[in-house]
Each structure stands twice: as C-alpha cells, then as structure tokens.
Engineer: 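Let me begin by handing over the structure; questions about it come next.
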Amino acid sequence: MSETPEKETEAPRVSRNFIEVEIDRDLAQGRTKVVHTRFPPEPNGYLHLGHAKALCVSFGLARQYEGLCNLRFDDTNPSKEEDRYVNAIQKDVRWLGFDWQDRLYFASDFFEELYGFAQHLIEGGHAYVDDLGVEEMRAQRGGPNLVGTNSPNRDRPNQESMDLFGRMRAGEFEPGSVVLRAKIDMAHANLLMRDPVLYRIQDSAHHRTGRDWCIYPTYDMAHGQCDALEEISHSLCSLEFENHRPLYDWLVERLPIQNPPRQIEFSRLSLTYTLLSKRRLVELVEGGHVDGWDDPRLPTLQGLRRRGYTPESVRNFCARIGVTKVSSTAELFWLEDALREDQNRRAPRRLGVLDPLKVTIRTIDEGQSVVCQAVNNPEDADGGTRDLELTRRILIERNDFLEDAPRKFFRLRPEGRVRLRYGPILTCEEVIKDESGQVVELVCSHDERTFGGASVEGQKRVKGIIHWVSADKSVAAEVHLLEPLFMSENPGALEDWLGDLNPDSRRVISTARLEASLLASSPGETFQFERLGYFTRDASSPSDPPVFLRTVTLRDRWSKKG
RNA sequence: UACCCCGUGGUGUAAUUGGCAACACAUCUGGUUUUGGUCCAGACGUUUCAGGUUCAAGUCCUGGCGGGGUAACCA
C-alpha cells in the first residue's frame, strides 16, 4: 500500500443518508463488525415499486459496506400466505439485480427457536398465558387517553403459564380462546406496549410447515428474534414500525442472544398518479380493472418489467429519490426519466408510424427503391447501421402535416419542405382530400442532392425532420400507448379512488406500421422508435401482429409549448 | 384532547454534526444536433413561525403551526 495518496485517488466525499450516518457510528463504536441486513417480504402478494426501494436500501447498503443481505420470508400468518408468492418474489428480487446467495430464510424455519424464546420469556416472568376473549382484551387495552386494565390472568404463576403454553401447542384450545402475552405495562403511553400478544392459535395449514403447528408467533414476537438468529446488524423497515421499536428492543433485550440487532425506519415510497399499497393493488387485479399482476400499467415489478423498465432504471430511480424519514411523494416523471437515461444509451433506434398518412413521392418511380443508411444508435459508436428502403409510397405520421401550421411548426405543410429521417428533403406539392375534407394523401417530390444530410446551396435550411416507413416494405403492428392508471396525483387520498381510474390509460393503436426489421425482434426487446418514445415488444401478447408497448415517451419540448 | 416521527428552492435530497446553504431534476435563455431526443453553457429560485442559548443556529432548547403514523390474536 502506498503511503502517499494523491488527491485525485482519494475517495470522493459522497454525502450520506441518515442510515449511513448511523451505520458509520455503529461501526466506529464497535457495535457491529459487518453490516448485515435483510429483506423480509410476507409471501402474501407480489412485489411492487415500494418494495424495490426497500430492496435497494437493504441490499444496496449491504453491498456498499461489503456486508450481507438475507432474503427472509416473514411467514408467520398461515391464513394469508401462499407458496406461489415465494417463487414470484424471488424472481423479482433477482430481476432487480440482488443476490442473497445461500441465505434464503423463512421465519417458519425458526418456529422451534421462537417457541423456546417464548418459554424463556415465561420463565423470566415476562410473558403469561391469557384466556380473555378478543373483545374483552381490546376493551381492557384502553385507548390514547385511557389507561388499560390488567388482565386477571396477568399474575398467573410462571409454571402455570408454561403448562398452558405447552397445551396451546398441543392443540388443546380453540383458535382465539387463548394467547401468550408479554407482561409489560398496561398503562404505557405506547399502546403496543400494553401487554401485546406474542402467540396466537390458528388452525390453518401453513405453506411450509403444514399442520406441524397450531400456534404462531406474531410479527413482534418473530421479527426481531429472526433478525437476531440470522445475526442481522441493521433491520431496516418503513416508518409505520417506529412505534414497534420499543417493543422490538424490549423483546430483544430479554432474549439469550449475543449481538442485538437494531431497527432503523425510513419512509416508504409514494409516487404521483400511482397507488403503492398491496391491498389496493389486489383490488385492481381482482376487480378486473387491470389485466393481471403483470399489467404494464401497474407499479408491480412484474408490470414494470413487462412494460420495458430495466432493473438499472428502477435502481437509478431509487438512488435518486434518496432515503429519509420524510413522507414525501416522488414525481412519476422521475421514474420515466430514469428509464430514458438508461435507454438513451442502449436502445437501438427504429422507425415506426402510429397514425399513417399516405405520401406519394412523385419523383421516385414505381418499383424503385432507394437505400438509406440509418444509424442504429447515435449514442453508441459501435451500434452500426442498417438500411432503410425509400419507395414511391411512404407513410408519415398524420400529425407531422398541418394545413394551417403555426409559424414555429417545423414539420410539413402545403408547399413546405421537411427532411425524412436518414433520407432526402421532401417538398409538399399537393394535398389530396376526401369528400369530407379529410386529408388522405400528400404528393411530394424529393431532392436527390439532399441525401446523407446534405443541404443545397442557397436554399433555406430545413429545420423539421420526420420519421417515416415505406408503405410496401413496412409491417403492421399493434402498439399500446400507456398513460397513468389514475387521473389525480394522489388517488390514494380519494374516497372513491376507483372512480379516478383513467379511462384512457391504455390506447390500443392497430394502425401502426413499423420498419420491417422489427418483425425479427424478440419478446422483451426494447427500442427507441424515433421521436415517439421507448418501446418494448410485449412478451405476453400474440406475435402476429407483434405488439409493442410504449414504456415512456421521449421528452418533447414542442408539445409542451403547445 | 395520548404517544411516536417529520418540516431546507417548484420537486427530491445535501450541508464535514454549531461555521459563507449546495447538488440533481424541473423551469427560463442561448449553443450543438439528420430525433422538437441527446449533449453543452448560463439564469431563476431555498432553511415553517416565535422566542431562547451562542461570537455564530438549517443544525441545540422551549412553544406554536403544518404533515405523517399508531388503539389487528396482520405484517
């Protein structure tokens, strides 16, 4: 190691988020040697963008500190959890680019240990078995301004609780009739500390342990304990668990474990025009408001993947929004922009016309075709080129022609000139309309001298460049233009949030014509259709005609002004 | 009317932990460009309020105001 570090080689001082500050302190004080985090989904639903943030925080921090991050399924409520989610969640985590190596855990793997912890608490006089009913227990808990009442069973001898707890496990009691409770303080200002339930009886089959157990630990009894068993150093979770932290610490302190884990909470992600709540996503899917969990309009990871979002773009988005305790809402624009930034570098360019208007180029003979060389990606010097065939009949975008065009309209107008992308300059000579006055065709001439970007001495520079396809050589396709599912920025705040669904969230364009090379694309491949946006070939639609989904539009200064 | 957390440009964040408030995006202006894309340059604009401590407060203390969370045998 050189002892003469040069200024340039020193690590740049990056600003840290509040969790990094805490971790640095813990490391400096020797509280932990390695940073070991975990991502703890409950297998009762699919992952969405909110989980992506949590994934980026826990796996990202572990990577950054050269530590470890486990994947742990928090499966302590058999009535809600199913195996099918387990595989889908793993697939999504991998897709996002995170690897738990051999550290895949299930809370249910630790049921025996957790049972032992419960016995340990009973022995220490920190927990007791209570057979108060649900209703009575709720009544005795009190409220914000009302202290709770001690259960008559609170001072049951430890041995008696131990015996009853054993009989709970043995299945001697009905579900709901008996629970194990922590013995803390029924007058505590934090309601969670008023003798919370630690174990309850459930008679549903567990997706992994089947009928081995009829008692299950609650979240509070399981989470910190699993953290400890997996030797987690930092247990990162969202803000709504802040009130649980005193209970987390209380339990962890009373268990026979060496390095207590530490819970740190950060704010969850909110996104404009989007809903990120498991419950509401379920309603959208089950209510038939979308096509399924992988509907490209959904913020599920499956939906984002199908829509053409790349893992890089999602991770970059998460990096941009940062990690804080402020409940804030990110602009949907940021997510879209992260995709643009990623795809601008990588996506091959192609030409396609969504709403075709016929153009006859008078100066090209029937049957003749002129080869135009098109750059595949101006951002990628190694991207190569491809040939486009310019023929007598081509198609341009209907909105690239205007009869009464405003001054700053750079596209085609009667008598006007425009350049065909990768092709020559066209002059509009004739506008043909049908009986109803609708423009059905343009007759143009092209200028041989203007191929290859050349301009002609003495002529006014042509500002407009439009995309096009050959009418004969192009292929038909279906294109889906996707808009936000909701019309208001914060649909979650609405009483009738389903009434806010955007009726135009998916516009199916069946008139699209694309350059022929796109026929050979494979499902999931992404492209930039020049001037229109980034598109991906849908993997879940029939391939004839091929279906392309627009992931996001390009930024567009013109339409923004209009 | 209980408890916990949070308030920094339009938005999202930063400020070496008490020392000249900065970065990105957005917006506006100009330049480059065979995508009204990309890229480059510049401009605009910020500490919720009132007290207090201090030579010095975005940062610490008290109070107000505003926002979020919490009363499941869910996680």
Side-chain angles (χ1 to χ4, degrees), chain A residues 13-17 21 40-42 44-45 74-77 79-81 107 130 133-134 137-138 141-148 175-181 188-194 196-202 215-216 218-220 222-223 237-246 265 267 272 278 320-331 333-334 337 340-341 344-345 349 351 372 374-375 378-379 408-411 419-425 450-455 462-467 528-534 553-562:
Chain A
R13 211 187 59 74
V14 230
S15 62
R16 300 167 302 165
N17 66 46
V21 171
E42 186 187 10
N44 69 345
D74 217 337
D75 56 351
T76 57
N77 184 6
S79 66
K80 292 189 173 181
E81 294 146 5
D130 199 350
V134 180
M137 214 160 103
R138 184 171 302 158
R141 185 156 34 231
N145 289 317
L146 212 207
V147 298
S177 61
V178 197
V179 296
L180 180 72
R181 301 177 74 179
H188 202 107
N190 182 342
L191 305 207
L192 283 164
M193 297 294 270
R194 319 248 260 224
V197 170
L198 263 24
Y199 261 92
R200 77 284 206 195
I201 298 172
Q202 265 199 35
I215 59 171
Y216 294 93
T218 56
Y219 167 83
D220 293 300
H223 204 96
C237 60
S238 51
L239 248 30
E240 70 262 39
F241 292 100
E242 270 175 329
N243 291 339
H244 289 251
R245 181 152 32 91
E265 314 85 15
S267 64
T272 54
K278 220 184 254 181
R320 276 194 211 182
I321 57 177
V323 182
T324 64
K325 302 190 77 151
V326 190
S327 312
S328 54
T329 304
E331 304 275 355
F333 178 87
W334 286 48
D337 209 51
R340 289 190 195 103
E341 188 185 310
N344 177 52
R345 278 179 6 244
R349 273 49 169 180
L351 299 185
C372 303
V375 173
E379 305 298 318
K408 296 276 246 243
F409 186 76
F410 300 156
R411 288 110 96 156
R419 178 180 287 284
L420 292 180
R421 179 72 163 153
Y422 304 119
I425 291 175
T450 57
F451 278 99
S455 50
V462 170
K463 266 187 145 171
I465 297 155
I466 63 173
H467 57 277
Q528 184 197 103
F529 291 179
E530 295 210 29
R531 306 213 299 139
L532 296 175
Y534 294 101
T553 61
L554 252 33
R555 289 179 64 189
D556 181 0
R557 301 242 270 284
W558 167 248
S559 70
K560 211 173 273 179
K561 279 179 187 166

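Keep in mind the model is a prediction, meaning the values are calculated, not measured. Each chain gets a letter, A, B and so on, in the order the sequences are listed, and its residues count up from 1.
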Engineer: What distance do N77(A) atom CG and E42(A) atom CD have between them, rounded to the nearest 0.5 Å?
Structural biologist: 6.0 Å
Engineer: Assign each of E530(A) and G142(A) to its nearest nucleotide of RNA chain B by heavy atoms, then name whichever residue's nucleotide is nearer the 5' end.
Structural biologist: E530(A)
Engineer: How many whole angstroms separate atom CD of Q202(A) from atom P of C73(B)?
Structural biologist: 12 Å
Engineer: Which value, rounded to the nearest 0.5 Å, describes the distance between T553(A) atom OG1 and Y534(A) atom OH?
Structural biologist: 10.0 Å
Engineer: Starting from P on A14(B), measure out to CG on N17(A) and report it in whole angstrom.
Structural biologist: 7 Å
Engineer: Whole angstrom is fine here: how far is it from NE2 in H188(A) over to C1' in U70(B)?
Structural biologist: 12 Å
Engineer: May I ask whether Y219(A) stacks on the base of A75(B), given the cut-offs of 5.5 Å between ring centres and 30° between planes?
Structural biologist: no
Engineer: If we only count heavy atoms from C-beta on, is the L554(A) to Q528(A) side-chain gap below 4.5 Å?
Structural biologist: yes
Engineer: Would you say a side-chain N or O of R531(A) is under 4.0 Å from OP1 or OP2 of G36(B)?
Structural biologist: yes
Engineer: Which part of the nucleic acid, if any, lies within reach of F409(A) when heavy atoms closer than 4.0 Å are counted: base, sugar-phosphate only, or nothing?
Structural biologist: base
Engineer: How does each nucleotide of nucleotides 4-12 of chain B score, in 5' to 3' order, for protein heavy atoms under 4.0 Å: base (B), sugar-phosphate only (S), or none (-)?
Structural biologist: SSS----BS
Engineer: Would you mind reading off the distance between Y199(A) atom OH and A75(B) atom P, rounded to a whole angstrom?
Structural biologist: 12 Å
Engineer: For A75(B), does the base pair up with any side-chain atom of H244(A) as donor and acceptor (N or O, under 3.5 Å, distance only)?
Structural biologist: yes
Engineer: Tell me, which stems hold RNA chain B, with a stem being 3 or more Watson-Crick or G-U pairs in a row and both distances under 3.5 Å?
Structural biologist: B:2-7 with B:65-70, B:10-13 with B:22-25, B:27-31 with B:39-43, B:48-52 with B:60-64
Engineer: Looking at the side chain of W558(A), which of G36(B), U1(B), A75(B) is the nearest nucleotide?
Structural biologist: G36(B)
Engineer: Suppose you measure atom C1' in A22(B) against the same atom in C74(B); what distance do you get, rounded to whole Å?
Structural biologist: 43 Å
Engineer: On a whole-Å scale, what distance lies between the C1' atoms belonging to C49(B) and C39(B)?
Structural biologist: 44 Å
Engineer: Need one value for R141(A): base, sugar-phosphate or nothing, where a base atom within 4.0 Å counts as base even if backbone is also close, heavy atoms only.
Structural biologist: sugar-phosphate
Engineer: Taking atom P in both C20(B) and C4(B), compute the distance separating them and give it to the nearest angstrom.
Structural biologist: 33 Å
Engineer: Give, for atom OG of S238(A) and atom CD of E265(A), the distance between the pair rounded to the nearest 0.5 Å.
Structural biologist: 9.0 Å
Engineer: Under 4.5 Å between any side-chain heavy atoms of K278(A) and N44(A), yes or no?
Structural biologist: yes
Engineer: State whether E331(A) and R320(A) are salt-bridged, where the test is any N-O pair (Lys NZ or Arg NE/NH1/NH2 against Asp/Glu carboxylate O) under 4.0 Å.
Structural biologist: no
Engineer: Between A75(B) atom P and K80(A) atom NZ, what is the distance in whole Å?
Structural biologist: 8 Å
Engineer: Any side-chain heavy atom of L420(A) within less than 4.5 Å of one from H467(A)?
Structural biologist: no
Engineer: With rounding to whole Å, what would you report as the distance between C60(B) and U17(B) at their P atoms?
Structural biologist: 14 Å
Engineer: Just to verify, what does H244(A) make a ring pair (Phe, Tyr, Trp, His ring centres under 6.0 Å) with, not counting sequence neighbours?
Structural biologist: Y219(A), F241(A)
Engineer: Determine the interatomic distance between C1' on G31(B) and the same-named atom on A24(B); round to the nearest Å.
Structural biologist: 22 Å
Engineer: Please tabulate, one pair per line, each protein N/O and nucleotide N/O from nucleotides 37-43 of chain B that are separated by under 3.5 Å, including the distance.
Structural biologist:
| residue | atom | partner | partner atom | Å |
| --- | --- | --- | --- | --- |
| G37(B) | OP1 | R557(A) | NH1 | 2.8 |
| G37(B) | N2 | E379(A) | OE2 | 2.8 |
| U38(B) | OP1 | R555(A) | NH1 | 3.3 |
| U38(B) | O2' | N344(A) | ND2 | 3.1 |
| U38(B) | O2' | E379(A) | OE1 | 3.3 |
| U38(B) | O2' | E379(A) | OE2 | 3.3 |

Engineer: Would you classify V375(A) as touching base, sugar-phosphate or nothing, given that sugar-phosphate means primed atoms plus P, OP1 and OP2, and contacts are heavy atoms under 4.0 Å?
Structural biologist: nothing
Engineer: Classify the glycosidic conformation of U48(B) as syn or anti, calling it syn when the angle lies within 90° of 0.
Structural biologist: anti
Engineer: Distance check needed: U70(B) P versus D220(A) CG, whole Å only.
Structural biologist: 14 Å
Engineer: Given 3.5 Å as the limit, does a donor-acceptor pair link the side chain of R555(A) with the main chain of R340(A), or not?
Structural biologist: no
Engineer: Between C73(B) atom P and L192(A) atom CG, what is the distance in whole Å?
Structural biologist: 10 Å
Engineer: In whole angstrom, give me the gap between the C1' atoms of U29(B) and U34(B).
Structural biologist: 25 Å
Engineer: For A21(B) versus U38(B), give the span between their P atoms, rounded off to a whole number of Å.
Structural biologist: 34 Å
Engineer: For nucleotides U32(B) and G42(B), find the distance between their C1' atoms and express it as a whole number of Å.
Structural biologist: 15 Å
Engineer: Under 5.5 Å between ring centres and under 30° between planes: does that hold for F333(A) against the base of A26(B)?
Structural biologist: no
Engineer: Using the closest heavy atom to pick a nucleotide of RNA chain B for each, name whichever of F410(A) or T76(A) lands nearer the 5' end.
Structural biologist: F410(A)
Engineer: Using a strict 4.0 Å threshold on nitrogen-to-oxygen distance, state whether E530(A) and R421(A) make a salt bridge.
Structural biologist: yes
Engineer: Would you mind classifying the nucleic acid contact of D74(A) as base, sugar-phosphate or nothing, using non-hydrogen atoms under 4.0 angstrom?
Structural biologist: sugar-phosphate
Engineer: OG1 of T218(A) to CZ of R181(A): how many Å apart, nearest 0.5 Å?
Structural biologist: 12.0 Å
Engineer: Just jot down the salt bridge (charged side-chain N to carboxylate O under 4.0 Å, His left out) partners of K463(A), sequence neighbours excluded, or say none.
Structural biologist: none
Engineer: In Å and rounded to the nearest 0.5 Å, what is the OH to OG1 distance from Y199(A) to T76(A)?
Structural biologist: 9.5 Å
Engineer: Between A72(B) atom C1' and R200(A) atom CZ, what is the distance in whole Å?
Structural biologist: 9 Å
Engineer: With sugar-phosphate meaning primed atoms plus P, OP1 and OP2, does G452(A) contact a base, only sugar-phosphate, or nothing at under 4.0 Å between heavy atoms?
Structural biologist: base
Engineer: Ring pair (Phe, Tyr, Trp, His ring centres under 6.0 Å) with Y422(A): which residues, sequence neighbours excluded?
Structural biologist: none
Engineer: Establish, with yes or no, whether the OP1 or OP2 oxygen of C74(B) is under 4.0 angstrom from a side-chain nitrogen or oxygen of S79(A).
Structural biologist: no
